[in-house]
2 protein chains.
Amino acid sequence: MPHDLLPPGRKSGIPSATTSRNMYHLSLHMSYLTNGRGALDALVTRKRICMKGCDIIHEGKEGRSAYLIYNGWACSYRLLRNGTRQIINFHVPGDLLGIRRLLSPNFDDNLCAITCIELGEIDIDSLLTMLCTDNRLSMSILWSAFREEAIIAQHLVDIGRRKPINRAAHFFLELGARLNLAGFGAKTEYDCPLTQSLIADALGLTAVHFNRVLKQLRELNAMTFHNGRVEFLDDRKLEHLADFDSSYLR
Amino acid sequence: MPHDLLPPGRKSGIPSATTSRNMYHLSLHMSYLTNGRGALDALVTRKRICMKGCDIIHEGKEGRSAYLIYNGWACSYRLLRNGTRQIINFHVPGDLLGIRRLLSPNFDDNLCAITCIELGEIDIDSLLTMLCTDNRLSMSILWSAFREEAIIAQHLVDIGRRKPINRAAHFFLELGARLNLAGFGAKTEYDCPLTQSLIADALGLTAVHFNRVLKQLRELNAMTFHNGRVEFLDDRKLEHLADFDSSYLR
DNA sequence: CGTCCCGTTGATGCCAATCAACCCGGGTGG
DNA sequence: CCACCCGGGTTGATTGGCATCAACGGGACG
């Protein structure tokens with residue numbers, strides 16, 4: 001039974017990642033979200049800190065909150081009866097978490113802190129009432145739902161039809177693009193606090209095999225991933241491997 | 001290069017499936033959607049018929065319409081450079097198609113008619129302006145976006161971490177549950193106009209191997225799929241295989 | 001009657017899961 | 001302090017499952 005993100009964990013040995021920025025410099029990655037952001041920020045009632053490995057939202061548990069990530073990383077995942085785990089999506093600073101339970105708790109996945117994470121807590125009920133009056137806010141929420149759906153759909157295509165090496169290339173490119181849009185990381189490198197087995201669980205591979213795939217990427221001089229840092233060595237080669245087009249992120 | 005749904009095709013040899021109902025008896029599957037349904041129906045400007053195999057929305061093509069399915073089936077899919085196809089989701093009567101392009105054309109996948117299909121066309125711009133005034137309508141749209149996201153996420157888990165036989169079992173159970181909620185099909189059987197290779201492309205398998213999986217399910221006396229008809233022989237065995245819980249559909 | 005699409009089955013080969021061993025660095029406790 | 005453990009990463013050997021290639025049958029349709 002995999003449990004590498006279940007225990008509360010010790011003090012993170014992992015560098016605090018890409019999050020050493022002003023908390024107001026959040027992922028203003030698109031017009032709608034930018035417009036709605038002010039209204040969203042206003043709804044944050046309190047700050048919450050989650051330690052690395054803690055569940056932020058647990059499946060089935062009633063909860064009346066959504067969260068805005070100020071800094072740190074999280075992931076949504078599902079555990080299967082056969083003991084495996086599928087990670088649905090990783091979440092980076094600026095992302096909005098848990099909106100799906102706005103309308104139904106059944107829609108939501110487990111949500112777990114990958115690094116120590118700082119969250120703005122938003123009360124679902126006040127969000128709901130605000131939605132009725134503030135139109136830009138509803139647009140913002142809708143946008144963010146669509147964007148997440150597009151990311152997940154892309155992820156689905158990745159897992160369903162791409163070979164592991166292409167899948168991995170696509171993953172790192174997408175993550176880089178997302179961080180870039182959120183105002184973090186450079187074009188050719190970024191901090192990434194994920195472990196190999198976390199990524200493997202997102203890509204539908206075993207950790208062992210993902211490790212070999214990383215080796216291949218290294219030997220192709222396409223990219224490296226060491227000590228929580230991703231470096232793109234040959235963008236064109238990578239993009240060719242990944243068949244990547246970032247337009248769905250905008 | 002797979003193309004079994006690309007050509008316009010001849011007159012469908014496939015029975016017109018589960019769609020022989022009153023067109024107003026649409027998938028009123030949930031409170032929010034029900035509330036918003038009237039408003040949505042009112043926005044339908046004209047009816048459109050698509051022949052089996054026709055693209056309803058094609059990636060990249062500008063289009064300012066969303067569609068409501070009156071009857072017939074469709075699917076959203078993406079084609080990869082390597083010549084394979086991944087089907088993201090199947091759509092049944094009552095589903096709302098193409099809302100993601102409400103906010104950005106980049107978000108949308110290809111959309112194709114699987115059977116001859118009857119659609120209500122909704123102008124995106126009037127939908128947008130309506131959203132600003134009609135609150136139940138925005139809730140309805142939001143709900144439908146969340147639900148679709150939940151379905152896709154479930155699909156992702158399926159492909160990423162379940163073995164083909166469990167995947168197939170899950171697929172048929174989900175489809176059955178969706179049809180049921182939409183008011184079609186009985187508990188233990190339903191019409192399903194999909195071909196084996198369509199389903200295989202949704203499940204991330206080859207058609208050949210999916211065929212063998214169907215054989216296994218048959219030999220386990222769990223279910224059969226013949227001539228466009230699904231029959232569940234042993235629900236408990238199936239549900240055990242699939243680890244299925246339908247709550248995310250409601 | 002020939003063609004096309006769909007479903008079915010067999011034979012073969014490869015790729016990724018699995019099992020296993022080992023390294024490294026950091027914590028922890030005797 | 002050293003011994004030990006534990007989580008994360010790396011590599012090798014082996015197995016099996018799924019893709020691939022190929023052939024055929026049947027039904028629908030021109």
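Chain letters run A, B, ... following the sequence lines, proteins first and then strands; every chain starts at 1. Predicted, not measured: the structure shown is a model, and the values here were computed from it.
Checked against D:dG8, D:dT20, D:dT10, the side chain of A:Arg218 finds its nearest nucleotide in D:dT10.
Rounding to whole angstrom units, CG of residue A:Asn166 and C1' of C:dC15 are separated by 14 Å. What separates NE2 of B:His209 from C1' of C:dC15 is a distance of 14 Å, to the nearest Å. Between A:Leu198 atom CG and D:dG8 atom C1' the separation is 11 Å, expressed in whole Å. In this entry the distance linking CZ of A:Phe210 with C1' of D:dT11 reads 16 Å, nearest Å. Rounded to an integer number of Å, the gap from CG of A:Asn211 to C1' of C:dT18 is 15 Å. One interatomic measurement links the two molecules: CG of B:Leu205 to C1' of D:dT20, which rounds to 14 Å at whole-angstrom precision. To the nearest angstrom, P of C:dC15 lies 17 Å from CZ of A:Arg161. For the pair A:His226 NE2 and C:dG25 C1', the interatomic distance rounds to 15 Å; values are reported in whole Å.
As judged by a 4.0 angstrom heavy-atom cut-off over every strand, B:Leu214 is placed among residues making no nucleic acid contact. Among the protein residues, B:Lys163 comes within range of no part of the nucleic acid, since none of its heavy atoms lies under 4.0 Å from any strand.
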Determine, step by step, whether A:Asp158 and A:Arg167 satisfy the salt bridge (Lys or Arg N to Asp or Glu O under 4.0 Å) criterion, reporting the C-alpha distance in whole Å, the side-chain angles of both residues, the deciding distance to 0.1 Å, and the verdict. CA-CA 6 Å; A:Asp158 224 34; A:Arg167 219 180 284 182; 5.7 Å; no
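Between B:Gln196 and C:dT8 there is a side-chain N or O to OP1 or OP2 distance below 4.0 Å. A:Lys215 has no side-chain polar atom (N or O) that falls below the 4.0 Å cut-off from OP1 or OP2 of D:dT10. In this model, the phosphate group of C:dA17 is approached by a side-chain N or O of A:Thr206 to a distance below 4.0 Å at OP1 or OP2.
In the interface, the side chain of B:Arg212 is not paired with the base of C:dG7 through any donor and acceptor atom under 3.5 Å apart.
Minimum heavy-atom separation, A:Leu156 to B:His155: CD2-ND1, 3.8 Å.
Using bins of under 30°, 30° to 60° and over 60° for the plane-to-plane angle, the ring pair A:Phe172/A:Phe225 lands in the tilted bin.
If you check the side chains of A:Gln86 and B:Arg162, you find no donor sitting under 3.5 Å from an acceptor.
Along DNA chain D, the nucleotide nearest B:Gln216 and the nucleotide nearest A:Ala207 are compared for position; the residue whose nucleotide lies closer to the 5' end is A:Ala207.
Between A:Phe90 atom CZ and A:Asp95 atom CG the span is 12.5 Å, to the nearest 0.5 Å.
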